[in-house]
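Read through the structure below, which is laid out as structure tokens, and then see the notes.
Below, all heavy atoms of this structure are taken into account, side chains as well, without hydrogens, waters or symmetry copies. Convention: sequence-line order gives letters A, B, ...; per-chain numbering from 1.
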There are 2 protein chains.
Amino acid sequence: MASSVRPKLPKNYQLIYEIVQASGIGRHLTPSEIFTKAHKRQPGIGFSTVYRGLERLRELGLISELYVPGVDAATYEPSGPWHAHFRCSACGAIEDVAYAIPPRTLKMLALQHGFKIASERVTFEGRCAACAF
Amino acid sequence: MASSVRPKLPKNYQLIYEIVQASGIGRHLTPSEIFTKAHKRQPGIGFSTVYRGLERLRELGLISELYVPGVDAATYEPSGPWHAHFRCSACGAIEDVAYAIPPRTLKMLALQHGFKIASERVTFEGRCAACAF
DNA sequence: GAAGGGCTGAAAGTGATTTTCACTTTCACA
DNA sequence: TGTGAAAGTGAAAATCACTTTCAGCCCTTC
């Protein structure tokens, strides 16, 4: 389905979506970075539109939002398979990590505590390869 | 060691520490809640002192900081054994969950990616027992 | 072609956190 | 016990991310 038709998406939202897509999985953009990029392509676009767009796209599941401790802005990335994130406490880089908590474990925890788990967020912190030494 | 001597801690920081301790593991306080409590015991204490104290205590590893998506203030809890957190998307409650990613897994991931993991944060989201139905 | 809903940008508002600054307290050591 | 340096302090202002509001525009639908 790649860049399949999405006829109902207002063009500004489409633009935002493209920007986040273009950044690729593994890059993580803050709203203001997105705004800057969007503004280049569409001068006159407003801040609020970017926020609204991000919210909408998130609702639609097209992008996902990510809160990383130590970064006070939310960051966005294209939706993709579940994965964890790693943040280097030295250089601040954020890396994707192919890891998800096993479904069996989730089920067990949910059962134990009596709640329903809809999503999980896993973030590691430490030093990346470049800063590790 | 319980409330062991910590001769080097300025008394305001000590106070903050006590407040967070007193809240107990599993309770999660925001800086402004902490400020309010501190202010009762020590009228005249300033906001900045609370923030500074929290920062210091965190550096010392005496308390831990927790960012929960959907809550825009940081929250603090006494340091304790590693555990995950669960946030109910309906009522906003935050629960502790006794879960940590197995050390073996961490080691493997670290090896794979070439970084050193110092800490992990795991947050689940969904509906708590009360809201699940 | 008119009605109505969704979308828009600008600007003001909100609330958490950080910074600044001048003053006070604490501490190590002579 | 005196002394200077370093650390801690509170108030207020600044910053920063984000949200809300509002009046106008555009595009679809009838």
Side-chain angles (χ1 to χ4, degrees), chain A residues 5-20 23 28-60 62-77 87 89 92 94, chain B residues 5-20 23 28-60 62-77 87 89 92 94:
Chain A
V5 221
R6 199 159 301 273
K8 282 309 191 189
L9 216 51
K11 65 178 190 320
N12 276 335
Y13 294 7
Q14 181 71 44
L15 171 63
I16 294 167
Y17 181 46
E18 279 167 21
I19 288 171
V20 178
S23 81
H28 304 85
L29 300 174
T30 62
S32 56
E33 286 167 338
I34 294 169
F35 171 70
T36 306
K37 283 173 192 286
H39 198 265
K40 264 182 206 137
R41 288 225 248 156
Q42 182 86 75
I45 193 174
F47 220 75
S48 29
T49 302
V50 171
Y51 273 102
R52 272 186 295 241
L54 290 171
E55 190 186 344
R56 172 71 55 83
L57 293 167
R58 182 160 43 81
E59 273 169 16
L60 294 173
L62 296 172
I63 62 178
S64 39
E65 196 180 30
L66 175 62
Y67 290 93
V68 181
V71 178
D72 59 356
T75 57
Y76 293 85
E77 61 178 359
R87 182 180 123 90
S89 52
I94 299 174
Chain B
V5 222
R6 196 157 304 271
K8 284 310 191 186
L9 217 50
K11 67 180 189 317
N12 277 335
Y13 294 7
Q14 181 70 43
L15 171 63
I16 293 166
Y17 181 47
E18 279 166 23
I19 288 171
V20 177
S23 82
H28 304 85
L29 301 174
T30 61
S32 56
E33 287 166 338
I34 295 169
F35 171 71
T36 306
K37 283 172 192 283
H39 198 265
K40 265 182 206 137
R41 289 224 250 155
Q42 181 88 75
I45 193 173
F47 221 74
S48 28
T49 302
V50 171
Y51 273 100
R52 273 186 295 240
L54 290 171
E55 190 187 343
R56 171 70 53 83
L57 293 167
R58 182 162 41 83
E59 275 170 16
L60 294 174
L62 296 172
I63 63 179
S64 38
E65 195 181 29
L66 175 62
Y67 290 94
V68 181
V71 177
D72 58 356
T75 57
Y76 292 84
E77 62 179 359
R87 183 181 122 89
S89 52
I94 300 174

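When rounded to the nearest whole Å, the span between CD of A:Gln42 and C1' of C:dT8 equals 11 Å. The CZ-C1' distance, from B:Phe35 to C:dT18, rounds to 15 Å in whole Å. Atom CZ in A:Phe47 sits roughly 8 Å away from atom P in D:dC18 (whole-Å rounding). The separation between B:Arg52 atom CZ and D:dA11 atom P is 11 Å, rounded to whole Å. D:dG8 atom P lies 15 Å from atom CG of B:Leu54, rounded to whole Å. Between A:Tyr13 atom OH and C:dG9 atom C1' the separation is 12 Å, expressed in whole Å. Taking atom CG of residue B:Leu15 and atom P of nucleotide D:dT9, one finds them 10 Å apart after rounding to whole Å. As a whole-Å value, the separation of B:Ile45 CD1 from C:dT25 P is 15 Å.
In the set D:dG10, C:dT8, C:dA16, the nucleotide with an atom closest to the side chain of B:Ala73 is C:dA16. Nearest to the side-chain atoms of A:Ser48 among the listed nucleotides D:dA17, D:dT20, C:dT17 stands D:dT20.
Considering B:Leu15, B:Thr75, B:Ile63, B:Ile16 in turn, B:Ile16 is the only one that fulfils the side-chain contact (heavy atoms from CB on, under 4.5 Å) rule with B:Ile34.
Within the 4.0 Å cut-off from OP1 or OP2 of D:dT9, at least one side-chain nitrogen or oxygen of B:Asn12 is found. Contact check, B:Arg56 against D:dA7: no side-chain N or O comes under 4.0 Å of OP1 or OP2.
Between B:Val20 and B:Ser23, the closest heavy-atom pair is O-OG, 2.7 Å.
With the nearest nucleotide of DNA chain C identified for both B:Tyr51 and B:Lys11, B:Tyr51 has the one nearer the 5' end.
Atom CG of B:Leu60 and atom OH of B:Tyr17 lie 9.5 Å apart (nearest 0.5 Å).
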When you look at A:Thr49 and A:Tyr13, which way does the side chain to side chain contact (heavy atoms under 4.5 Å, CB included) test go after all the steps?
CA-CA 8 Å; A:Thr49 302; A:Tyr13 294 7; 4.3 Å; yes
